[in-house]
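Remember, it's 1-based here, ligands and their atoms both numbered in the order they're listed. On a predicted model such as this, the values are computed, not experimentally measured, just so you know.
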Amino acid sequence: MGFIVAIDGPAGSGKGTVTSILAKKLKLNSIDTGAMYRCVTLQMIRENVSLDDIEKVKEILEKIDIELIKENDNLIVKLNGEDVSKEIRENPVNKMVSNVSAIKEVRLKLVDLQRKMAETQDIIMEGRDITTVVFPNADVKIYMDADLEERAKRRFKQNQEKNIECTYEEVLEDMRKRDENDRNKEFGALKIADDAIIVDSTNMSQDEVVKKIAKIIKNQKKTKKLEPEIYKIRPETKWKIVERKIVKWFLRTLYKIFYRVKVSGEENKAKAAEQGGYIICANHVNMLDAVAIVVFSKETIIFVGKHDLGRIPILRWLEHLFDVIPIKRNQQDMEAMKRCLKTIKDGKALAIFPEGTRKGLEKNAKVKNGAAYMAIKSGCPVVPVGISGSFKLFTRFNIKYGEPIDMSKYKVKGIDKTKEKELQDQATKEIMDAVVMLTK
Ligand code: DC
């Protein structure tokens with residue numbers, strides 16, 4: 001599998017144009033999946049096949065041949081060998097394509113074709129379900145958005161340039177209907193993946209959007225290349241122990257010079273440790289809070305950190321020194337999970353920011369269930385931590401540890417996945433309520 005950039009978004013969000021520019025700039029093969037659904041629709045129109053005639057639809061799918069060819073920066077779409085690039089953007093197809101793309105058989109066939117396209121090449125693929133269904137584990141996941149009126153304006157302009165006859169009102173109405181259909185269909189609905197980066201282009205120029213996404217892609221490419229380095233585990237030698245002590249002392253001194261750090265409730269860590277390993281859950285305000293938790297603790301604290309932080313050499317060195325567990329946020333990272341569970345089993349303290357991002361509480365970020373899942377699975381307690389302060393130089397910031405929370409009440413045997421998830425949600429809520437109280 002090559003390097004995969006997945007871009008989703010509603011019609012007219014600019015993803016088509018941006019995808020073509022990025023493909024050229026970053027040497028990726030662009031795939032417009034909307035054009036594929038449009039080809040199936042055109043063939044159905046030509047063969048006079050109605051939406052509910054599934055047998056006929058299947059026949060079409062069996063013999064259809066779609067080619068997406070780049071020629072001098074233009075996308076040439078061929079349907080069974082014929083250039084249909086213009087015809088698939090005209091009104092008859094526009095009106096029907098959303099309904100065609102809701103047919104399960106059509107989706108299964110096209111999703112399969114799309115996955116095959118990524119087997120041998122680096123791609124940038126745009127559509128509606130690329131980040132959620134086609135490639136939920138894509139290297140980069142972007143959701144592009146813009147206000148409905150702005151999107152209709154852009155599409156109208158595009159149509160004029162391509163000499164496609166229409167009025168602005170028609171385009172707006174068509175887009176409104178399509179939004180509604182695309183968002184509510186049973187299969188392959190347009191959704192925002194939890195871990196997609198949202199780029200709202202309403203008030204951004206095309207150049208700004210391209211720059212922003214190009215930077216994300218370049219960083220991710222760099223991270224991927226460095227993965228063998230990032231995932232290295234530094235053996236626990238005598239020198240590593242000494243080095244860690246020196247670095248802890250040095251960073252503590254820096255903190256004391258530049259901030260007034262107040263740590264309270266430390267006895268709660270000792271209480272939790274009576275049972276063995278435990279999990280520390282804190283709110284995340286600033287990069288500095290994770291380091292402060294580690295360097296102001298007598299115990300060894302093993303943090304879980306975004307794996308792309310390891311792209312920066314000094315952070316990579318620190319992560320290796322303090323055995324930080326790198327985690328890929330855009331997928332179920334089983335490797336990281338295993339290392340976390342082993343850390344707890346070994347009787348150590350594992351530290352996690354359940355918000356998964358800085359200032360998650362302020363941003364109303366969706367809190368992740370990972371900490372609750374591991375605490376319930378391993379039966380270990382959770383020590384909530386509240387971080388508060390402005391992180392401005394020479395001001396005070398507080399690290400407040402709360403009473404350990406017993407998670408055993410959430411461990412119920414013989415329940416189904418839905419109930420299990422409900423219990424994890426409740427456990428996460430209990431943890432985060434305690435964290436929030438400690439920030440006050
Ligand atoms: O991006 P577009 O407007 O050319 O897409 C045409 C239609 O196909 C649109 O109504 C949504 C649908 N589509 C889809 O359901 N899944 C995709 N991956 C791409 C497009």
Please check this pair: side chain of [X] against backbone of [Y], looking for a donor-acceptor N/O pair closer than 3.5 Å.
{"X": "Asp8", "Y": "Thr131", "result": "yes"}
{"X": "Arg234", "Y": "Leu321", "result": "no"}
{"X": "Arg339", "Y": "Ile325", "result": "no"}

- [ ] Any pair with a residue in residues 43-61 that passes salt bridge (Lys or Arg N to Asp or Glu O under 4.0 Å), sequence neighbours left out, goes on the list, sorted by first then second residue, please.
- [x]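 Output for this query lists Arg46-Glu82, Arg46-Glu87, Glu47-Lys63, Glu55-Lys58.
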What side-chain donor-acceptor pairs closer than 3.5 Å can you find for residues 122-129, not counting sequence neighbours?
| from | atom 1 | to | atom 2 | distance (Å) |
| --- | --- | --- | --- | --- |
| Asp122 | OD1 | Phe3 | N | 2.8 |
| Arg128 | NE | Asp182 | OD2 | 3.2 |
| Asp129 | OD1 | Arg107 | NH2 | 3.4 |
| Asp129 | OD2 | Arg107 | NH2 | 2.9 |

Open item on the list: Holding to salt bridge (charged side-chain N to carboxylate O under 4.0 Å, His left out), I want the full list of residues that pass it with Glu208, two or more places apart in sequence or in another chain.
Closed with: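 In terms of salt bridge (charged side-chain N to carboxylate O under 4.0 Å, His left out), with neighbours along the sequence ignored, Glu208 is linked to no residue.
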Open item on the list: As a test of reading the model: which residues have a non-hydrogen atom less than 4.0 Å away from ligand 1?
Closed with: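 The answer is Lys15, Thr33, Gly34, Tyr37, Arg38, Arg89, Val97, Ser98, Ser101, Arg107, Gly127, Arg128, Asp129, Ile130, Arg178, Asp182, Lys185, counting any residue whose heavy atom sits under 4.0 Å from ligand 1.
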